[in-house]
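Data first, discussion second: the structure below is written as structure tokens.
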Amino acid sequence: MKLGIKEIEQIIPHRHPFLLVDYIEELEPGVGAVGYKCVTFHEDFFRGHFPQEPVMPGVLTVEALAQVGAVAILSLEENRGKTAYFGGIKNCRFRGKIVPGDKVKLETKIIKSKGAIGVGKAVASVDGNIVVTAELTFAISNPKEEGE
């Protein structure tokens with residue numbers, strides 16, 4: 001199942017400039033997803049990170065991986081309209097840089113899920129080279145219930 005920006009925006013609440021996934025190439029609801037971020041020189045964060053040598057901040061790569069995981073978990077019928085929040089980040093490793101012109105492959109597989117809590121194993125790569133790995137814990141919540 002392939003998803004473009006409009007379909008992704010129907011699943012997760014993120015919007016430009018914080019929507020960090022351009023498209024989803026593979027999706028198995030509740031199991032995992034593979035998405036891509038096509039990094040251009042015009043990304044807002046490059047103005048300050050770093051002007052002389054533009055590098056995508058590692059924490060934004062982790063966020064992009066989390067967004068791909070959120071698409072996978074929030075695609076389940078019982079989670080539609082809910083939000084997946086960060087619950088934790090474990091064993092995160094940065095192994096390379098992401099620079100303008102890179103097409104970043106973002107893979108997140110749900111490895112544990114119990115109730116509203118789950119864990120995803122996430123890998124970001126560029127041209128087959130791994131640049132980030134992490135274990136991401138998420139908590140699913142209904143935004144409407146939070147305000148009550």
Side-chain angles (χ1 to χ4, degrees), residues 1-47 49 54-145:
M1 178 185 300
K2 295 184 181 186
L3 306 175
I5 292 287
K6 289 181 181 182
E7 291 86 6
I8 293 169
E9 287 181 342
Q10 291 174 0
I11 299 168
I12 62 175
H14 304 78
R15 298 296 182 262
H16 178 80
F18 211 68
L19 179 59
L20 299 173
V21 181
D22 292 324
Y23 65 97
I24 298 291
E25 182 178 76
E26 299 173 30
L27 171 62
E28 191 172 344
V31 175
V34 177
Y36 288 88
K37 167 73 177 153
C38 299
V39 181
T40 72
F41 184 74
H42 298 288
E43 307 287 347
D44 289 338
F45 48 78
F46 285 140
R47 289 186 290 156
H49 197 271
V55 176
M56 183 171 174
V59 295
L60 292 183
T61 306
V62 174
E63 172 64 27
L65 287 162
Q67 289 179 17
V68 169
V71 168
I73 203 69
L74 298 177
S75 293
L76 288 170
E77 191 58 42
E78 63 265 26
N79 292 332
R80 291 203 185 268
K82 295 183 179 179
T83 301
Y85 294 97
F86 259 127
I89 302 168
K90 288 172 62 175
N91 302 319
C92 186
R93 299 288 179 265
F94 300 99
R95 302 174 183 204
K97 296 189 291 188
I98 297 172
V99 298
D102 284 345
K103 180 179 175 183
V104 185
K105 184 177 186 180
L106 305 159
E107 302 174 79
T108 303
K109 292 184 172 99
I110 308 306
I111 58 173
K112 295 180 195 169
S113 185
K114 185 173 183 179
I117 306 296
V119 177
K121 182 176 179 177
V123 178
S125 59
V126 176
D127 295 328
N129 299 310
I130 294 174
V131 292
V132 177
T133 58
E135 226 178 71
L136 308 175
T137 301
F138 59 86
I140 301 167
S141 180
N142 187 340
K144 294 172 189 149
E145 293 171 0

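Residue numbers start at 1 and run along the sequence shown.
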For [X] against [Y], the heavy-atom pair lying closest together:
X	Y	answer
A124	T61	CB-CG2, 3.7 Å
S75	I11	OG-CD1, 3.7 Å
A84	A70	CB-CB, 4.0 Å
F138	G120	CE2-N, 4.3 Å
L106	Y36	CD1-C, 4.2 Å
S125	G128	CB-C, 4.4 Å

Does any non-hydrogen side-chain atom of [Y] lie less than 4.5 Å from one of [X]?
X	Y	answer
T83	S141	no
M1	E7	no
K37	D22	yes
M56	F45	yes
F86	V62	yes
T137	I117	yes
L3	L27	yes
L20	H14	no

Are the side chain of [X] and the backbone of [Y] linked by a donor-acceptor contact shorter than 3.5 Å?
X	Y	result
T108	L65	yes
E9	K6	no
D102	V126	no

I need the [X] [atom1] to [Y] [atom2] distance, nearest 0.5 Å.
X	Y	atom1	atom2	answer
I140	E78	CD1	CD	8.0 Å
K105	D127	NZ	CG	11.5 Å
I24	I8	CD1	CD1	4.5 Å
F41	R47	CZ	CZ	11.0 Å
E135	I111	CD	CD1	4.5 Å
E63	L136	CD	CG	9.5 Å

| Is any NZ, NE, NH1 or NH2 atom of the basic residue among E77 and R80 found under 4.0 Å from an Asp or Glu carboxylate oxygen of the other? |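 R80 and E77: salt-bridged.
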
| Given V34, which of K109, E28, E26 fulfils the side chain to side chain contact (heavy atoms under 4.5 Å, CB included) condition? |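 With V34 as partner, K109, E28, E26 yield a single side chain to side chain contact (heavy atoms under 4.5 Å, CB included), made by E26.
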
| task | Apply side-chain contact (heavy atoms from CB on, under 4.5 Å) to L19 and Q67, showing your working. | result | CA-CA 8 Å; L19 179 59; Q67 289 179 17; 3.6 Å; yes

| request: Flag yes if more than 12 heavy atoms outside R15 fall under 6.0 Å of its CZ atom; otherwise flag no. | output: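 Yes.
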
